[in-house]
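Taking it in order: structure first as structure tokens, then the write-up.
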Amino acid sequence: MKKFNRIGREVVYKGAILQFCKDNIVTPKGNQVKWDYLEHKGAAAVIPVMDDGRILMVRQWRNAIDKFALEIPAGGKDSITEPSIECAARELEEETGYKTDKLEFLQTIVPAIAYSGEKIDVFVAFDLKKGIQHFDPDEEIELELFSVEELIEMIIKNEINDSKTVSSILTYYHKYCLK
């Protein structure tokens, strides 16, 4: 494959969790084009598996869709250099009140590959121990327990459509439940 070459990036807007940029690109044919790019520090997510095999999910308000969504716990990294496993452990305790010493890497998701550099590293949490929930000031979270089969049915019915949750639950099912 021939190479596309970024020759410049201009930050158009800098927000709390992302930057909107205009990239100047030279295509393999020599054309100079401008592409939109959302820069993000990255994030981590976690599938909390209870001792009975059920999965602990969070239901929280999502402004972008103007409604509540059922998701796996997740959150942004504090910095681009923060290890994803530390971010996942922090988000697990903040959002669910559980902690663990047993986090296993599951997958990396790129939710908007055409225009964003965001990557979400997903982990599975086993051997959960009760800790203390401590939400961010803008969070209002309800916890709900489901079997993986119930979650898959909700995905099929389009009741769960968050990309990180859909991908992660299906990957978890294939990796851990179909043995």
Side-chain angles (χ1 to χ4, degrees), residues 15-18 38-65 68-113 116-156 159-179:
I17 62 169
L18 54 84
L38 284 176
E39 189 171 84
H40 189 282
K41 291 183 278 192
V46 60
I47 298 175
V49 181
M50 305 302 285
D51 288 342
D52 65 3
R54 291 183 299 164
I55 295 173
L56 187 59
M57 302 287 288
V58 297
R59 189 176 299 276
Q60 61 184 323
W61 178 259
R62 290 303 192 182
N63 182 56
I65 60 171
F68 283 88
L70 188 64
E71 307 171 49
I72 59 174
K77 291 182 176 186
D78 286 341
S79 72
I80 199 164
T81 59
E82 179 184 24
S84 294
I85 197 165
E86 290 178 16
C87 179
R90 180 183 70 247
E91 291 298 326
L92 173 66
E93 187 170 9
E94 280 181 10
E95 293 189 0
T96 71
Y98 285 89
K99 51 187 172 181
T100 186
D101 293 326
K102 191 172 179 187
L103 281 170
E104 294 180 9
F105 177 78
L106 182 66
Q107 66 181 352
T108 299
I109 299 167
V110 183
I113 205 162
S116 176
E118 179 184 16
K119 292 178 184 170
I120 304 172
D121 291 328
V122 182
F123 297 83
V124 180
F126 298 101
D127 299 334
L128 299 174
K129 294 165 186 56
K130 194 69 177 138
I132 300 170
Q133 274 178 308
H134 36 88
F135 300 137
D136 291 337
D138 62 345
E139 288 179 319
E140 182 78 25
I141 294 174
E142 293 180 17
L143 301 177
E144 299 180 32
L145 283 167
F146 297 93
S147 70
V148 69
E149 293 82 10
E150 289 172 315
L151 292 171
I152 290 171
E153 186 64 28
M154 294 168 81
I155 290 167
I156 291 167
E159 295 169 6
I160 297 175
N161 53 21
D162 167 57
S163 63
K164 75 178 175 312
T165 301
V166 170
S167 175
S168 298
I169 293 298
L170 294 176
T171 302
Y172 168 81
Y173 178 74
H174 281 272
K175 184 173 181 182
Y176 291 93
C177 302
L178 289 181
K179 294 181 177 181

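- Within the model, atoms CG of L103 and OG of S84 stand 11.0 Å from one another, a figure rounded to the nearest 0.5 Å.
- Relative orientation of the W61 and F68 rings is perpendicular, given thresholds of 30° and 60° on the angle between their planes.
- Other residues, nucleotides and ligands place more than 12 heavy atoms under 6.0 Å from the CG atom of L145.
- With ring centers used as reference points, F126 lies under 6.0 Å from Y176.
- The structure places CE of M154 at 10.5 Å from CG of N161, a figure rounded to the nearest 0.5 Å.
- Side chain of E150 to backbone of F146: no donor-acceptor contact under 3.5 angstrom is found.
- Residue D101 places its CG atom among 12 or fewer non-hydrogen atoms of other residues, nucleotides or ligands, all under 6.0 Å distant.
- Minimum interatomic distance between S147 and R54 (heavy atoms only, all atoms of both residues): N-CG, 4.2 Å.
- Among all heavy-atom pairs drawn from E118 and P111, the shortest one is O-CD, 3.5 Å.
- Across I72 and I47, no two heavy atoms sit closer than the pair CG2-CG1, 4.0 Å.
- One distance of note links SG of C87 with NZ of K41; it measures 9.5 Å at 0.5 Å rounding.
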Side chain to side chain contact (heavy atoms under 4.5 Å, CB included) between I160 and L151: does it pass, once the steps are laid out? CA-CA 8 Å; I160 297 175; L151 292 171; 3.8 Å; yes

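- L38 CG to H40 NE2: the interatomic distance, rounded to the nearest 0.5 Å, is 9.0 Å.
- Qualifying side-chain hydrogen bond (donor to acceptor under 3.5 Å, both in side chains) partners for E153, counting only residues two or more places apart in sequence or in other chains: none.
- Contact check for L70 versus Q60: no side-chain heavy atoms found under the 4.5 Å cut-off.
- Within 6.0 Å of CD1 on I65 lie more than 12 heavy atoms contributed by other residues, nucleotides or ligands.
- Between L128 and M50, some side-chain heavy-atom pair lies under the 4.5 Å cut-off.
- Distance NZ/K77 to CG/D121: 6.0 Å, rounded to 0.5 Å.
- Distance alone, capped at 3.5 Å, places no donor-acceptor pair between the K99 side chain and the G97 backbone.
- Every residue meeting the side-chain hydrogen bond (donor to acceptor under 3.5 Å, both in side chains) condition with S167, not counting sequence neighbours, appears here in chain and number order: Q107.
- In the displayed structure, E140 atom CD is contacted under 6.0 Å by at most 12 heavy atoms of other residues, nucleotides or ligands.
- Scanning for ring-ring contact (aromatic ring centres under 6.0 Å, His included) contacts around Y98 gives an empty result, with sequence neighbours left out.
- Closest of all the heavy-atom pairs between K102 and T100 is N-OG1, 2.9 Å.
- Using a 4.0 Å cut-off between charged side-chain N and carboxylate O, E86 and R90 make no salt bridge.
- Going from atom CD of Q133 over to atom CG of L92 covers 10.5 Å, rounded to the nearest 0.5 Å.
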Could you go through the side chain to side chain contact (heavy atoms under 4.5 Å, CB included) check for I169 and I152 one step at a time? CA-CA 7 Å; I169 293 298; I152 290 171; 4.2 Å; yes

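- Closest of all the heavy-atom pairs between A44 and A88 is CB-N, 3.6 Å.
- Between E71 and R62 there is a salt bridge, since a side-chain N of the basic residue sits under 4.0 Å from a carboxylate O of the acidic one.
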Criterion side chain to side chain contact (heavy atoms under 4.5 Å, CB included) on V122 and T108, from CA distance to verdict: CA-CA 6 Å; V122 182; T108 299; over 6 Å; no

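- When all heavy atoms are compared, the tightest approach of K164 to A45 is CD-CB, 4.2 Å.
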Please evaluate residues L106 and K175 with respect to the criterion side chain to side chain contact (heavy atoms under 4.5 Å, CB included), reporting the C-alpha separation (whole Å), side-chain torsions for both, the decisive distance (0.1 Å), and the verdict. CA-CA 9 Å; L106 182 66; K175 184 173 181 182; 3.9 Å; yes

